[in-house]
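First comes the structure, then the notes that go with it.
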Amino acid sequence: MPLPRPGPRLRGREQQRERLLHLLDTTRSGPRRGGVALVEGVAGAGRSRLLGDTCAVAAQCGFSVAYADADEVRRAVPLAPLIAALDLRTDVEHPPLDLAATAAGHSAWLIDRLHTSLAERLRRGPVAVVLDDLQWADTTTLAALGTLVARCATQQVAWVLARRAGEAESLPAKLFAALGDAERSERVHLPPLDDRAVAELAADRLSAEPAPELLACVKGADGNPAALVALLDGLVEEQRVRVAEGRARPAGDVQNGPVPRLSRLPI
């Protein structure tokens, strides 16, 4: 699967980014050292953006990057995210993969083949396995991740696994809890943006420094990056922002007017 493209500069996620880069650095620096980062955040919190940035840095640092995202449609296909990430369909060392085999109870064989694919990549250098939206992952994928992370515990594999926060009793949540107890693993939470990050993101979006009264108008985004961007774009589209002398201010009675409708947040 093609790597996600990094977007504009991340705001308010510097600490989380540094923790993921530290995982890459420690994985690359030791021949028998890997680790797991478990990224969690609500819809629109910036998980996919953060993972895209991590993929780009990993590729620049010489990692073989295996990226995929789970989705609700492919949930019916066992192991679909891992198969896409490790590109088993085009693996020249093996015949083309028949996904129907998974429905016939061949999951164990496929997990072994996924491990073999990882081992082949490791012969060329460190590997970063980056999987997004694991709240949509099928049960076989979740079981396989537990197995593969354990098998690769002493190898140069950096696992970056992300899911939407919530549903504490779900299978993805239980996998994250189990992996979080493993050695060299850590949880990476994406909380709401603080006031400084909100102001910086608003300045990026408006190409102007936001005035305090404008920042007061976007409090309804609750520090959610995607909601904030949608709200700012709505204000601009409705010509309710005035920029003068490098400063952005509300135009008209923004606070008492209807709030621009937010676009659908990314998961």
Side-chain angles (χ1 to χ4, degrees), residues 1 3 16 19-41 47 50-51 54-55 57-58 61 63-70 74-75 77-88 91 102 106-165 167-168 170-189:
M1 177 175 287
L3 300 184
Q16 291 85 354
R19 291 168 70 181
L20 295 183
L21 297 189
H22 178 70
L23 169 63
L24 296 178
D25 186 55
T26 55
T27 299
R28 186 179 57 168
S29 63
R32 297 182 63 81
R33 183 177 178 85
V36 185
L38 305 166
V39 183
E40 298 173 279
R47 289 174 292 112
L50 182 62
L51 265 59
T54 303
C55 285
V57 173
C61 293
F63 279 78
S64 172
V65 181
Y67 166 83
D69 58 339
R74 290 185 300 163
R75 202 173 192 174
V77 181
L79 296 170
L82 282 167
I83 289 169
L86 294 169
D87 203 18
L88 292 192
D91 188 344
T102 62
H106 293 180
S107 297
W109 171 78
L110 280 171
I111 292 172
D112 285 341
R113 184 162 165 186
L114 289 165
H115 184 251
T116 299
S117 179
L118 267 175
E120 291 167 355
R121 287 174 178 250
L122 282 165
R123 285 198 286 268
R124 302 190 294 270
V127 179
V129 181
V130 182
L131 300 177
D132 197 6
D133 287 327
L134 287 176
Q135 73 275 3
W136 298 125
D138 62 280
T139 56
T140 308
T141 292
L142 298 174
L145 281 171
T147 299
L148 292 172
V149 169
R151 287 188 186 182
C152 299
T154 59
Q155 297 173 301
Q156 286 182 292
V157 182
W159 299 88
V160 181
L161 310 177
R163 75 178 187 100
R164 186 175 61 191
E167 301 179 4
S170 67
L171 289 177
K174 291 177 180 178
L175 172 68
F176 272 46
L179 293 178
D181 292 334
E183 187 180 1
R184 293 194 296 273
S185 70
E186 61 176 321
R187 308 291 280 264
V188 179
H189 295 281

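Every heavy atom of this structure was used, including side-chain atoms; hydrogens, water molecules and symmetry mates were not.
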Original post:
So do S185 and W159 actually touch side chain to side chain, heavy atoms under 4.5 Å?
Top reply: no
Original post:
Are side-chain heavy atoms of V157 and L122 found at a separation under 4.5 Å?
Top reply: yes
Subject >> Test item: D138 side-chain N/O and T141 main-chain N/O as donor-acceptor pair under 3.5 Å >> reply: yes
Subject >> Gap separating the CG atom of L21 from the SG atom of C61, nearest 0.5 angstrom >> reply: 8.0 Å
Original post:
Side chain of T27, backbone of G34: donor and acceptor closer than 3.5 Å?
Top reply: no
**OP:** Taking the side chain as every heavy atom from C-beta outward, state whether V39 and H189 have any pair of such atoms under 4.5 Å apart.
**Re:** no
Original post:
Would a distance-only check, ignoring hydrogens and angles, find a side-chain to backbone donor-acceptor pair under 3.5 Å from S117 to R113?
Top reply: no
Original post:
Do the numbers put R28 on top of the ring of F63, so that NZ or CZ is under 6.0 Å from the six-membered ring centre and no more than 45° off the axis?
Top reply: no
Original post:
Is there a side-chain contact between Q16 and L50, using heavy atoms and a 4.5 Å cut-off?
Top reply: yes
Subject >> Set of residues satisfying salt bridge (charged side-chain N to carboxylate O under 4.0 Å, His left out) with respect to R19, sequence neighbours excluded >> reply: E186
Original post:
Only one of R123, Q156, R121, R124 forms a side-chain hydrogen bond (donor to acceptor under 3.5 Å, both in side chains) with S64, so which one is it?
Top reply: R121
Original post:
For T140, which of L145, L82, L79 qualifies under side-chain contact (heavy atoms from CB on, under 4.5 Å)?
Top reply: L79
**OP:** For T154 and R33, run side-chain contact (heavy atoms from CB on, under 4.5 Å): C-alpha distance rounded to whole Å, both residues' side-chain angles, the deciding distance at 0.1 Å, then the answer.
**Re:** CA-CA 5 Å; T154 59; R33 183 177 178 85; over 6 Å; no
**OP:** Verify side-chain contact (heavy atoms from CB on, under 4.5 Å) between V127 and L118, making sure each step is shown before the conclusion.
**Re:** CA-CA 8 Å; V127 179; L118 267 175; 3.9 Å; yes
Subject >> Where R75 and A137 come nearest, the two heavy atoms and their spacing >> reply: NE-O, 3.9 Å
Original post:
What residues, two or more places apart in sequence or in another chain, satisfy salt bridge (charged side-chain N to carboxylate O under 4.0 Å, His left out) together with R187?
Top reply: E40
Subject >> Atom pair OG1 (T147) and CD1 (I111), whose distance is rounded to the nearest 0.5 Å >> reply: 5.0 Å
Original post:
Quick check: does any side chain N or O of R184 sit under 3.5 Å from a backbone N or O of A153, one acting as donor and the other as acceptor?
Top reply: yes
Original post:
Of the non-hydrogen atoms in L134 and L161, which two are nearest, and what is the gap between them?
Top reply: CD1-CB, 3.7 Å
Subject >> Flag side-chain contact, heavy atom, 4.5 Å: D132 against Y67 >> reply: yes
Original post:
Between CG of L175 and OG1 of T139, what distance do you get to the nearest 0.5 Å?
Top reply: 11.5 Å
Original post:
After noting the C-alpha distance and the side-chain angles of R47 and D69, does the key distance pass the side-chain contact (heavy atoms from CB on, under 4.5 Å) rule?
Top reply: CA-CA 11 Å; R47 289 174 292 112; D69 58 339; over 6 Å; no
**OP:** Would you indicate whether the side-chain heavy atoms of C152 and H115 approach each other to under 4.5 Å?
**Re:** yes
Original post:
Are side-chain heavy atoms of R164 and D133 found at a separation under 4.5 Å?
Top reply: no
Original post:
Looking only at heavy atoms, what is the nearest atom pair of A68 and P81, with distance?
Top reply: CB-O, 3.3 Å
Subject >> Heavy-atom closest contact (A85 atom, L131 atom, distance) >> reply: CB-CD2, 3.9 Å
Original post:
Are side-chain heavy atoms of K174 and L179 found at a separation under 4.5 Å?
Top reply: no
